[in-house]
Amino acid sequence: MTSDPGFWILQGLNALQLSMLLFLLSVGLTVIFGLMHFVNLAHGALYALGAYVAASVAAAVGYWPALIAAPLAVALVGVVLYGGLIKRMRKAGPMSQVLVTFGLIFAMLDLTRIIWGDFALGIDVPQILSGRAAFLGIEYPIYRLFIIALGGLAFVALTLVLSRTQIGAMIRAGVDNDEMAACLGINVEKLFFIVFCVGCGLAGLAGAIAAPLLSVTPDMGLQILIPTLIVIVIGGLGSLQGAIAGSLIYGFVQTFGAVLAPQLASVLIYALLAAVLVIKPAGLFPAKG
Amino acid sequence: MFRHTPLRIATLVLLGAAAILYGLNAEYFGLEILTEIAILAILVIALDMVAGFGGMVSLFHGALMGIGAYGFTLLATKAGVAPLPAMIGAMALGGVVGWIVGAICARTHGIYFIMATLAFGQMAYSYIFESSFFGGDDGLSGAPRLDLSGLGIDLNDSRGFAFFALALLLAAYLAAVAILRSGLGRSVTGILHSEQRMRALGLNVWRVKAAIFGLSGVLAGLAGTLAAQHIMYVSPGLLAWTVSGEALVVVILGGLGTLVGPVVGAAFFVLLKHEVSAHTTHWHLVVGVILIAVVMSRANGIFGWLEARVARWQGRTHAAKTGNLALEGDSDA
């Protein structure tokens, strides 16, 4: 099995697909943390919300509108959360923030159950993305290739925005030293607000693209939360490179661990996280040197 | 350092009296709830020791409880050890694992400490979930209860077991008070206020942190052995990170760093859970909203709020600060 190149390509693609999904989730969380020093544990719940919105819209009008509606709806929820909770918790310690967002997880878990019920929902993939593509001697589902492409696209776009645009420079300044950035005339509060909403929107997008792969259930947010946190802690809180590196590490360790050493697979990633925390407590690519 | 204010003693006496009265009069279902409260209270006392007095917000305590439960069940069923030595062995195991994890995590602070403990907790959870030796996701059954018939107490009777759990809760509370008042406990609080200062004073910080985490692990292990005896069955669910999260919620609801508060929180939490569950299946929504409200009110939980009110009423505002750490005092500074 392991001598067949097709096996490595197939598992490599699987790993890449998982990585890209995690990247979409973790990049919002990590930039929010880098900029606002705010750990939003409810990020997974926003992802679940995105999946539900996508499932509802897809059932009504189709897949492509759902892919646009889900991020927008979740970003809107982000606006409400920011105004109602996050803004007031900005000055509180990390412990209080963790707890408030922990409460949000509980509340949103039940709210999705009240609105959408306990049953798992599914989404049909549009014709063009269904089926399999044959290349390099293997067959691979087109939809998973689409996820890889979308994740790659998001990475390139975010890299360009952060490194080449004015708002990107402002965000980098804010991550580096928010007080100094404010002194230089940057409206840091507004920046926080934008980044928070974009991060929420990306979580919604991740939910929408994950929905056809996994079934949409109320606890899907809880299931993805731990992998997302592992990604950002391994990568280093606050940095884009950290998010992509952490996602790739998680995706490949998890996928190849599961096929090469199934007994160890689940423990492997946690052991890796523990090792990173002990050796480099701030992660592999911390935002601040 | 932990101090017994009149309010704390009064609350403890009141809680004790209520528990005894309730335990004598309750039916089977009430006794089960009482036992559940006692077990949760032991776990949150253990958690408050490290989180409230040491600033180490741990998401590993569910795993510590699970390790106690599994350790007890394995010793008592597969190794054929008598229940009492099995309990002691399981508590020792909780202590050793707690010490090791505490020692490794001691270097990290704030959010990183939370993540590190979460990682170790999930590691234990996944390992037990996948390992056939631990029964995998089926768990293990057949945990025996302690035999106290020599003292005329039948632990297979739910009333007898409820009082047994309450007695162990009292013992755990007194042990926690003794630990927090010892030199070690004072060092831990010193580290909470300023790690740099304690280091400058020549204290070996990681050793103190590991020691208090280990002792906390012994108490969490005790809660685990009781949980195993209570339902006579252990499953990987005991180690899930949400158990640790819920324990943290109870500590916060009760009052971080007050030791008495978390016990109040445990009673409040379990009773509320059963009351709300009787009316609606959306129990998580209720607890989520309460948690958000408590944290945003800036009060230190139910008991912390009460202490602040009493202190204001007495006109001694400084009294509230001596034994009572505000939530903000727990930053990673």
Side-chain angles (χ1 to χ4, degrees), chain A residues 33 37-39 41-42 45 84-85 88-89 91-114 118 218-219 222 225-227 229-230 232-234 236-237 262-279 281-283, chain B residues 51 55 57 59 101 104-127 129-132 240-242 245-246 248-249 251-253 256 280-296 298 326-333:
Chain A
F33 182 86
H37 305 283
F38 192 99
V39 178
L41 288 188
L85 281 179
R88 285 174 218 193
M89 297 307 295
K91 297 278 175 279
M95 170 86 173
S96 308
Q97 296 172 344
V98 164
L99 285 161
V100 162
T101 53
F102 196 65
L104 261 181
I105 293 181
F106 280 152
M108 288 180 68
L109 182 73
D110 262 357
L111 283 176
T112 49
R113 283 178 59 209
I114 290 171
D118 284 326
D219 66 342
L222 267 182
L225 177 64
I226 303 286
L229 291 175
I230 291 175
I232 65 171
V233 173
I234 287 182
L237 288 168
Q263 289 86 14
L264 281 175
S266 54
V267 178
L268 210 58
I269 192 70
Y270 300 114
L272 183 69
L273 171 58
V276 168
L277 278 168
V278 169
I279 298 162
Chain B
V57 180
L59 284 177
V101 169
I104 297 173
C105 297
R107 267 169 48 119
T108 57
H109 298 96
I111 194 71
Y112 289 97
F113 186 87
I114 300 180
M115 292 297 146
T117 53
L118 179 65
F120 281 108
Q122 284 297 105
M123 213 184 327
Y125 170 77
S126 326
Y127 185 68
F129 191 88
E130 311 245 315
S131 162
S132 56
W241 75 276
T242 42
E246 232 169 52
L248 200 57
V249 169
V251 171
I252 301 304
L253 280 185
L256 187 74
T280 162
T281 55
H282 301 295
W283 144 251
H284 280 117
L285 181 59
V286 176
V287 78
V289 170
I290 290 178
L291 180 62
I292 294 172
V294 166
V295 177
M296 291 197 69
R298 299 294 170 88
L327 276 173
E328 283 75 15
D330 183 41
S331 67
D332 54 346

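So that the names make sense, note that chain A is the first sequence line, chain B the second, and so on, each numbered from 1. None of the values given here were measured: they were computed from a predicted structure.
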Undergrad: So, for Leu109(A) and His284(B), which heavy atoms are closest and what is the spacing to 0.1 Å?
TA: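 Where Leu109(A) meets His284(B) most closely, the heavy atoms are CD2-ND1, 4.1 Å.
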
Undergrad: So what's closer than 4.5 Å to chain B heavy atoms on Ile230(A): side chain, backbone, both or neither?
TA: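 It is neither, since no heavy atom gets under 4.5 Å.
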
Undergrad: Can you tell me which portion of Ile232(A) sits under 4.5 Å from chain B's heavy atoms? Options are side chain, backbone, both or neither.
TA: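 Neither the backbone nor the side chain of Ile232(A) comes within 4.5 Å of chain B.
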
Undergrad: With the side chain counted from C-beta on, respond yes when Phe106(A) and Ile292(B) share a heavy-atom pair under 4.5 Å apart, and no when they do not.
TA: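 A side-chain contact is absent here, since even the closest heavy-atom pair is not under 4.5 Å.
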
Undergrad: What option among Leu104(A), Val233(A), Ile226(A), Val100(A) has the most heavy-atom pairs under 4.5 Å with chain B?
TA: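 Between Leu104(A), Val233(A), Ile226(A), Val100(A), the count favours Ile226(A).
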
Undergrad: Between atom CE of Met123(B) and atom CG of Leu268(A), what is the distance when rounded to the nearest 0.5 Å?
TA: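 CG of Leu268(A) is found 10.0 Å from CE of Met123(B).
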
Undergrad: Once you round to the nearest 0.5 Å, how far does CG of Leu59(B) lie from CZ of Phe102(A)?
TA: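 Rounded to the nearest 0.5 Å, the CG-CZ separation comes to 7.5 Å.
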
Undergrad: Name the member of Cys105(B), Gly245(B), Ala293(B) that forms the most heavy-atom pairs with chain A at distances under 4.5 Å.
TA: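 Counting heavy-atom pairs under 4.5 Å, the top option is Gly245(B).
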
Undergrad: With a 4.5 angstrom heavy-atom cut-off, is it the side chain or the backbone of Gln122(B) that approaches chain A, or both, or neither?
TA: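 Both the backbone and the side chain of Gln122(B) come within 4.5 Å of chain A.
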
Undergrad: Which answer fits Trp241(B), side chain, backbone, both or neither, if we ask what part of it has an atom under 4.5 Å from a heavy atom of chain A?
TA: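 The side chain, not the backbone.
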
Undergrad: Could you walk me through whether Leu273(A) and Met115(B) pass side chain to side chain contact (heavy atoms under 4.5 Å, CB included), step by step?
TA: CA-CA 9 Å; Leu273(A) 171 58; Met115(B) 292 297 146; 5.7 Å; no

Undergrad: To the nearest 0.5 Å, what is the distance between CG (Leu285(B)) and CG (Leu111(A))?
TA: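 Rounded to the nearest 0.5 Å, the CG-CG separation comes out at 5.0 Å.
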
Undergrad: Check each atom of Ile290(B) against the heavy atoms of chain A and say whether the ones under 4.5 Å are side chain, backbone, both or neither.
TA: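 For Ile290(B), there is no contact with chain A at all, as no heavy atom is under 4.5 Å.
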
Undergrad: Side chain from CB out, backbone as N, CA, C, O: work out which of these in Leu291(B) comes under 4.5 Å of a heavy atom of chain A, or both, or neither.
TA: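 Only the side chain of Leu291(B) comes within 4.5 Å of chain A.
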
Undergrad: Contact part of Ser131(B) toward chain A, heavy-atom cut-off under 4.5 Å: side chain, backbone, both or neither?
TA: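 No part of it gets close to chain A.
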
Undergrad: Less than 4.5 Å to any heavy atom of chain B: does that hold for the side chain of Val39(A), its backbone, both, or neither?
TA: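 Answer is side chain: those atoms of Val39(A) sit under 4.5 Å from chain B.
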
Undergrad: Given that the side chain runs from C-beta out, which part of Ile114(A) has a heavy atom under 4.5 Å from chain B: side chain, backbone, both or neither?
TA: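 It is both, since atoms from each part get that close.
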
Undergrad: Side chain from CB out, backbone as N, CA, C, O: work out which of these in Tyr127(B) comes under 4.5 Å of a heavy atom of chain A, or both, or neither.
TA: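 Interface part for Tyr127(B): both.
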
Undergrad: So for Val276(A), is it side chain, backbone, both, or neither that comes closer than 4.5 Å to the heavy atoms of chain B?
TA: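 Neither part; nothing is under 4.5 Å.
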
Undergrad: In Å, rounded to the nearest 0.5 Å, how long is the span from CG of Leu99(A) to CG of Leu248(B)?
TA: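 Taking CG in Leu99(A) and CG in Leu248(B), the distance rounds to 5.0 Å.
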
